[in-house]
2 protein chains.
Amino acid sequence: MRLVIARCSVDYDGRLTAHLPLATRLLLVKADGSVLVHSDGGSYKPLNWMSPPCTMAEVEPDEAQAGDGVVAVWRVQHAKSEDRLTVLIHEVLHDSEHELGVDPGLVKDGVEAHLQRLLAEHIHTLGHGWSLVRREYMTAIGPVDILAKDSTGVSVAVEIKRRGEIDGVEQLTRYLELMNRDPHLAPVTGVFAAQQIKPQARTLAEDRGIRCVVLDYDALKGIDDAESRLF
Amino acid sequence: MRLVIARCSVDYDGRLTAHLPLATRLLLVKADGSVLVHSDGGSYKPLNWMSPPCTMAEVEPDEAQAGDGVVAVWRVQHAKSEDRLTVLIHEVLHDSEHELGVDPGLVKDGVEAHLQRLLAEHIHTLGHGWSLVRREYMTAIGPVDILAKDSTGVSVAVEIKRRGEIDGVEQLTRYLELMNRDPHLAPVTGVFAAQQIKPQARTLAEDRGIRCVVLDYDALKGIDDAESRLF
DNA sequence: GCCTAGGTCCCGTTA
DNA sequence: TAACGGGGCCTAGGC
């Protein structure tokens, strides 16, 4: 990993064109050749960048560039597309190289998959006498997160989201339309379950007879922990 | 901006929990207090991070941590939530501070807004004799990108995307349903215009009688430039 | 302030 | 390989 602090201007040309005027920035060159251009604020997203696979070449400025005060030019070319990043360096304030090695990677917990597992294991939180048929129930247009039966034996398709928005309701609607055409399953009702449900999504869902349920991840995990302590 | 290369482990606890085992990484502390943890590969996204507004405190390791070889602990706490990042530093290999100043920011060209402007100005590329009614035509459920009239005077709602996927077709369908209930507008036909249209989206659109048009940004810009040169 | 829509989205998973 | 769905999404614009 190479770290360079430099006064520079940057141009990106590819899926769009973008330009950064002359200023002092961090240029970060990773071992795989990718380049990030960071300012001293904003978010984790660089101002500009080139993703791997790509190659970086440091070339001499031409006469016009040298006349403008450019001391070096970086050409970063993506290997599989026409995307190109050009850095015109006017002054180098820091330049260091570091050996990092391969990273063991990130371990996550608490995303949608966990919500789905927890809700499947405690399907009775949706209603007394409910039972799980299966998770990831396959249909012709994709998997339904959970298929269950209510206390009267009627099939229920459950769509789970961390944040319930309109496209999640559309997705569940497509599943319900399809499943209700299957005489072995019909009638199938719908439950839209999310940690948070946007007003537009709730309105659309209820307009279509889909029940909305707000999930509490910590409460579900609490039930899970309490039950596992019994064994 | 502070640049630290260190052997460290990192824990994030907030919207989810995540852990990075001990390895050598770049720790980047920006002027606004935000912290990025980068490995020597992957993408522009850090392995872990804390977004501003947040505060970073460097504290002494406790006895147990010191016994594990920890020489310093960074506690990065988000100012408006319970999100917290903890970095346990085992060895510092580099540590430098740099003054960057405020960045003048990025200038972009070629995003959806530009496509919309270009297509609105050259609406005849969709059909001979077509005319623009207006961009961002407001409806009860949101703005339609472009409302136009074809050569016979029939209203056309145009939805523009850089990449045309299924939810764009759903969006246009909702607009069309609503607008066709308005006797002043009906009948309204639909055009789904994008630089690239996914097969599933095309199938769904055509099944609903929506015409699909692939846009060529460079060609539209060429027309634009050619016309502007006439004046 | 919240909410919506777009992104050089990125990135994993799966058909 | 291409497409689809999720993200600690982030970020800009509208109300």
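Naming: A, B, ... by sequence-line order, numbering from 1 per chain.
- Separating the NZ atom of A:K80 from the C1' atom of C:dC10 is a distance of 16 Å, rounded to the nearest angstrom.
- One atom, CG of A:L16, and another, C1' of C:dC9, lie 11 Å apart when rounded to the nearest Å.
- Residues passing the side-chain contact (heavy atoms from CB on, under 4.5 Å) test with A:V102: none are found, sequence neighbours excluded.
- The salt bridge (Lys or Arg N to Asp or Glu O under 4.0 Å) search around A:E136 returns none, not counting sequence neighbours.
- Looking at residues two or more places apart in sequence or on another chain, you find a ring-ring contact (aromatic ring centres under 6.0 Å, His included) between B:H98 and A:H94.
- No donor-acceptor distance shorter than 3.5 angstrom exists from the side chain of B:S81 to the backbone of B:H78, with no hydrogens or angles considered.
- Distance CZ (A:R162) to C1' (D:dC9): 9 Å, rounded to an integer number of Å.
- Rounding to the nearest 0.5 Å places CG of A:L118 at 5.5 Å from CG of A:L220.
- If you measure from atom OH of A:Y44 to atom C1' of D:dC10, you get 6 Å, rounded to the nearest angstrom.
- Residues B:L106 and B:G142 both approach DNA chain C. Their nearest nucleotides, taken by heavy-atom distance, put B:G142 toward the 5′ side.
- Checking the phosphate oxygens (OP1, OP2) of C:dC10, no side-chain nitrogen or oxygen of A:K45 falls inside 4.0 Å.
- Under the 3.5 Å distance criterion, the side-chain polar atoms of B:R84 are left unmatched by any main-chain donor or acceptor of B:G14.
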N/O donor to acceptor pairs below 3.5 angstrom from side-chain atoms of residues 165-173 of chain A, sequence neighbours left out:
residue, atom, partner, partner atom, Å
A:E170, OE1, A:R208, NH1, 3.1
A:E170, OE2, B:R174, NH1, 2.6
A:Q171, OE1, A:K161, NZ, 3.3
A:T173, OG1, A:V169, O, 2.6
A:T173, OG1, A:R208, NH1, 2.9

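- Taking atom CG of residue B:D32 and atom P of nucleotide D:dC10, one finds them 14 Å apart after rounding to whole Å.
- The side-chain contact (heavy atoms from CB on, under 4.5 Å) test applied to A:T203 returns no partner, not counting sequence neighbours.
- For the pair A:L204 CG and C:dC3 C1', the computed distance is 16 Å after rounding to whole Å.
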*Stepwise side chain to side chain contact (heavy atoms under 4.5 Å, CB included) test for B:V156 and B:L147*: CA-CA 6 Å; B:V156 188; B:L147 185 64; 6.0 Å; no
*Tell me, what's DNA chain D's dot-bracket, Watson-Crick or G-U with both distances under 3.5 Å, | for other-strand, [ ] crossing?*
|||||||.|||||||
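- Residues of residues 3-11 of chain B having a heavy atom closer than 4.0 Å to DNA chain C: none are found.
- Rounded to a whole Å, the CG atom of B:L172 is 14 Å from the P atom of C:dA5.
- Contacts with DNA chain C (heavy atom under 4.0 Å) in residues 47-56 of chain A: A:N48, A:W49, listed by number.
- Nearest heavy atoms, B:S39 versus A:L100: C-CD2, 4.3 Å.
- D:dC10 and D:dG6 have their C1' atoms separated by 14 Å, given to the nearest Å.
- Regarding B:H78, its NE2 atom lies at a distance of 14 Å from the C1' atom of D:dC9, rounded to whole Å.
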Look for any protein N or O under 3.5 Å of an N or O in nucleotides 2-5 of chain D and output each such pair with its distance, or none.
residue, atom, partner, partner atom, Å
D:dC4, OP1, B:Q200, OE1, 2.9
D:dC4, OP1, B:Q200, NE2, 3.3

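- Salt bridge annotation for A:D145-A:R135: absent, with no cationic side-chain nitrogen under 4.0 angstrom from a carboxylate oxygen.
- The pair B:E58-B:R2 meets the salt-bridge criterion, since a charged nitrogen lies less than 4.0 angstrom from a carboxylate oxygen.
- A donor-acceptor pair shorter than 3.5 Å can be found between the side chains of B:K30 and A:H38.
- Checked by atom type and distance alone, the side chain of B:D68 never pairs as donor or acceptor with a backbone atom of B:V70 at under 3.5 Å.
- Taking atom C1' on both nucleotides, D:dC9 is separated from D:dG5 by 13 Å, rounded to a whole Å.
- Under 4.0 angstrom from either OP1 or OP2 of D:dC9 there lies at least one side-chain N or O belonging to B:R15.
- Take A:L16 and apply the side-chain contact (heavy atoms from CB on, under 4.5 Å) test, not counting sequence neighbours, and it matches A:Y12, A:A18, B:K108, B:V111.
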*Begin from the C-alpha positions of A:E159 and A:Y175 and carry the test side chain to side chain contact (heavy atoms under 4.5 Å, CB included) through to its verdict.*
CA-CA 9 Å; A:E159 178 66 34; A:Y175 290 139; 3.7 Å; yes
All N/O pairs under 3.5 Å across the protein-nucleotides 13-15 of chain D interface:
none

Can you list, pair by pair, the side-chain donor-acceptor contacts under 3.5 Å of residues 47-54 of chain A, counting residues two or more places apart and other chains?
residue, atom, partner, partner atom, Å
A:W49, NE1, A:S51, OG, 3.4

